[in-house]
Amino acid sequence: RRCSATFSRVCTRPIKMPLAVDLLHPSPEEEARRHKLKRLVQSPNSYFMDVKCPGCVAISTVFSHAQTVVLCGSCSQVLCQPTGGKARLTEGCSFRKKKLF
């Protein structure tokens, strides 16, 4: 079949090829690796967490990407050190992510 254009080229129909990955239903691991703005639903990488002090067993709320040294309120022990991204918890501290709602 010929095109109706002035040049005499043969028209070919596009071949439908299946995608190797499903773009509408990505795996959770793949979503976590993506940049926070390029995910299917945008979500931040940071979170608040409850950190338990190993010395006095008091619980403090700490931001995951804290940029300053966080001390325990009751015994003044260092709970986390800042790094370039996420804060590094000191040895012996346990934590849990806070719920959004």
Side-chain angles (χ1 to χ4, degrees):
R1 165 176 139 170
R2 298 239 174 225
C3 290
S4 62
T6 56
F7 302 106
S8 61
R9 282 189 247 157
V10 176
C11 289
T12 57
R13 290 185 180 174
I15 300 171
K16 292 184 179 180
M17 306 254 325
L19 290 175
V21 292
D22 188 7
L23 297 176
L24 289 178
H25 306 287
S27 65
E29 298 86 26
E30 185 180 336
E31 277 293 294
R33 277 188 310 227
R34 277 201 189 139
H35 187 268
K36 63 183 180 178
L37 295 177
K38 296 191 177 188
R39 294 182 185 139
L40 204 55
V41 176
Q42 295 179 1
S43 61
N45 295 329
S46 57
Y47 49 90
F48 286 94
M49 54 188 172
D50 286 333
V51 178
K52 189 184 291 185
C53 178
C56 65
V57 195
I59 295 177
S60 303
T61 301
V62 178
F63 187 58
S64 63
H65 291 66
Q67 295 180 340
T68 59
V69 175
V70 179
L71 303 173
C72 178
S74 58
C75 68
S76 298
Q77 185 176 357
V78 176
L79 295 178
C80 67
Q81 297 277 344
T83 61
K86 288 188 177 180
R88 182 181 301 123
L89 291 176
T90 56
E91 196 71 30
C93 288
S94 58
F95 77 100
R96 86 174 163 205
K97 286 186 182 180
K98 284 207 166 222
K99 303 263 183 176
L100 292 176
F101 301 104

- request: Show your working on side-chain contact (heavy atoms from CB on, under 4.5 Å) between C53 and S74 and close with a plain yes or no.
  value: CA-CA 9 Å; C53 178; S74 58; over 6 Å; no
query: Do the side chains of F48 and L89 join up, straight or via other hydrophobic residues, at under 4.5 Å, putting them in one cluster?
result: no
- prompt: Are V69 and V51 joined in one hydrophobic group, where the rule is that I, L, V, M, F, W and Y side chains link up if heavy atoms are under 4.5 Å apart?
  reply: no
task: Kindly say whether D50 contributes a backbone atom to a donor-acceptor pair with the side chain of R96 at under 3.5 angstrom?
output: no
query: For the side chain of E31 and the backbone of P26, is there at least one donor-acceptor N/O pair under 3.5 Å apart?
result: no
Least distance between heavy atoms, [X] atom then [Y] atom:
| X | Y | result |
| --- | --- | --- |
| M49 | F63 | CE-O, 4.3 Å |
| N45 | H65 | O-CE1, 3.8 Å |
| V62 | C80 | CG1-SG, 3.7 Å |
| K98 | T61 | CE-OG1, 3.5 Å |
| S76 | L71 | O-CD2, 4.1 Å |
| S64 | S46 | OG-CA, 3.4 Å |

field: Separation between CG of L24 and CG of L40, rounded to the nearest 0.5 Å
entry: 7.0 Å
message: Can you tell me if R88 has over 12 outside heavy atoms packed within less than 6.0 Å of its CZ?
response: no
field: Electrostatic pair R33:E29 at N-O distance under 4.0 angstrom
entry: no
CA sep, side-chain torsions, deciding dist, call: L79, S60, side-chain contact (heavy atoms from CB on, under 4.5 Å): CA-CA 9 Å; L79 295 178; S60 303; 3.8 Å; yes
- request: For the residue pair P54 and Q77, establish whether any side-chain heavy-atom pair is separated by less than 4.5 Å.
  value: yes
